[in-house]
Amino acid sequence: MDERAEALDRDDPLAAYRSRFVGADTDLVYLDGNSLGRPLAATGDRMRTFVEHEWGGRLIRGWDESWMELPLVVGDELGLTCLGAAPGQVAVADSTTVLLYKLLRAAVAARPGRDEVVVDTDNFPTDRYVAEGVAAERGLRLRWVETDPTAGLTTEQVAGVLSDRTAVVLASHVAYRSAWVADVPAVTRLAHDAGALVLWDLSHSVGSVPAELDAWGVDYAVGCTYKYLNGGPGSPAFGYVAARHLADLAQPVTGWMGHADPFAMGPGHTPDPGVRRLLSGTPPILAMQPLRDMLPLIGAAGIEAVRAKSVGLTSYAIELADELLAPHGVVVSSPRDAERRGGHVTLGHPRMREVVAALWRRDVVPDYRDPDGLRIGLSPLSTSYGEVRRGIEEVAALLAG
Ligand SMILES: *Cc1c(COP(=O)(O)O)cnc(C)c1O
């Protein structure tokens with residue numbers, strides 16, 4: 001084992017958390033925590049207990065006893081531990097795609113008479129596709145900002161397209177390709193100065209880069225829970241609606257679970273006065289269970305300490321890339337400034353597609369993103385410095401071979 005990696009692991013104040021994750025004790029090198037986090041061992045126990053006692057024992061009574069509130073209870077905890085959001089503004093539901101749709105429609109409806117939505121060309125595909133769908137449905141024009149795929153959306157670019165026609169700016173906190181951290185407070189301020197609203201996607205930041213949604217004045221936000229929140233494949237997303245927008249929030253999927261009194265079963269939809277109105281149908285209670293262990297874990301570690309480890313891991317990955325991979329022609333396609341870089345690092349080389357396929361066969365698991373990027377996603381609580389070292393040594397060996 002490399003001495004420097006060993007020293008970094010020895011001095012890591014969060015090192016002890018790693019053993020709580022399934023598979024962390026094997027030789028597999030997992031560098032894709034930004035696509036699907038490892039499960040906590042506690043999640044297996046919780047799922048079993050849930051089936052045997054809560055579901056199997058309480059049966060339909062579970063809805064009255066706790067499940068009806070769970071989307072908001074988990075939402076509040078997420079707000080507290082990761083989002084800088086006071087209680088009553090976050091609900092857990094649906095997928096990110098569906099919540100994006102609901103909140104983009106709500107945001108556009110809150111700015112009648114304005115007919116433009118600002119989007120950037122390198123936002124995650126589903127965000128762009130949803131924006132296109134909403135634009136077609138509502139007769140809006142998309143104002144595309146051309147972002148540099150090795151960096152990301154700048155405040156200057158946003159300033160250049162805002163006008164009194166802008167209804168909403170839709171953007172990602174951390175870019176999925178480069179890991180660029182957008183200046184959320186500055187972009188939000190600019191949009192507000194132009195009379196527009198903002199909808200931020202936190203999928204690639206939540207659980208690794210802290211957010212201060214209330215302090216930043218954000219209007220709406222969404223994000224997923226299966227990346228740095230280790231919720232498991234297809235775990236539900238979350239939506240944030242600033243308290244000042246709740247009373248008027250007009251989301252288009254007005255189902256019974258967002259009704260002020262779901263069991264009145266009366267005629268007509270009266271939305272719940274709070275963030276529950278963001279819900280549509282029966283919430284995925286089973287799929288929320290893993291968050292009940294992961295969120296307290298992040299709370300215990302502290303999101304600022306999680307971010308500090310994340311910066312340590314990505315900085316080390318870049319240091320190793322410069323030392324071991326640059327001689328093979330690899331370039332760093334992520335920001336070098338730690339403050340502008342989220343929780344992953346993208347390394348470019350024309351052979352990365354085949355390199356990643358070979359790595360997977362060797363139990364070294366990063367992922368690949370076009371055009372030539374090997375993406376290393378470093379989940380702070382479950383990744384060691386030694387793991388990063390072993391992963392990058394394998395890349396070097398493959399490129400040398
Ligand atoms: C991962 C991710 C999504 C995923 O959306 P799903 O509806 O969960 O498939 C959306 N947007 C961004 C920015 C992401 O990183």
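Whatever order the structure lists them in is the order used to number ligands and atoms, beginning at 1. The model shown is predicted, which means the values in this text are computed figures rather than measured ones.
Residue S203 has at least one heavy-atom neighbour below 4.0 Å for each of these atoms of ligand 1: 2 (C), 3 (C), 10 (C), 11 (N), 12 (C), 13 (C), 14 (C), 15 (O). Each of the following atoms of ligand 1 lies closer than 4.0 Å to a heavy atom of T97: 5 (O), 6 (P), 7 (O), 9 (O). Residue-ligand proximity, S172 to ligand 1, at heavy-atom distances under 4.0 Å covers atoms 13 (C). The contact set between ligand 1 and S95, taken as ligand atoms under 4.0 Å from a residue heavy atom, comprises 7 (O).
At a heavy-atom distance under 4.0 Å, only side-chain atoms of D127, from C-beta outward, approach ligand 1. In T96, the parts holding a heavy atom less than 4.0 Å from any atom of ligand 1 are both the side chain and the backbone.
Annotation: F263 is in aromatic contact with W256 [ring centroid separation under 6.0 Å]. Aromatic ring centres of W67 and F50: separated by under 6.0 Å.
Relative to the ring axis of F124, K227 places its NZ or CZ within 45° and under 6.0 Å from the centre. With W180 as the aromatic partner, R340 meets the cation-pi criteria of under 6.0 angstrom to the ring centre and within 45 degrees of the ring axis.
T254 and H269 share no side-chain donor-acceptor pair at under 3.5 Å. Side-chain atoms of Y368 and E354 include no donor-acceptor pair closer than 3.5 Å.
Considering backbone and side-chain N/O atoms, K227 comes within less than 3.5 Å of an N/O atom of ligand 1. Ligand 1 has an N or O atom lying under 3.5 Å from an N or O atom of H204, backbone or side chain.
Applying the side chain to side chain contact (heavy atoms under 4.5 Å, CB included) test between I318 and each of L325, L347, L313, V345 identifies V345 as the sole match.
Considering each of W200, F124, Y101, Y226, the one bringing a non-hydrogen atom nearest atom 9 (O) of ligand 1 is Y226.
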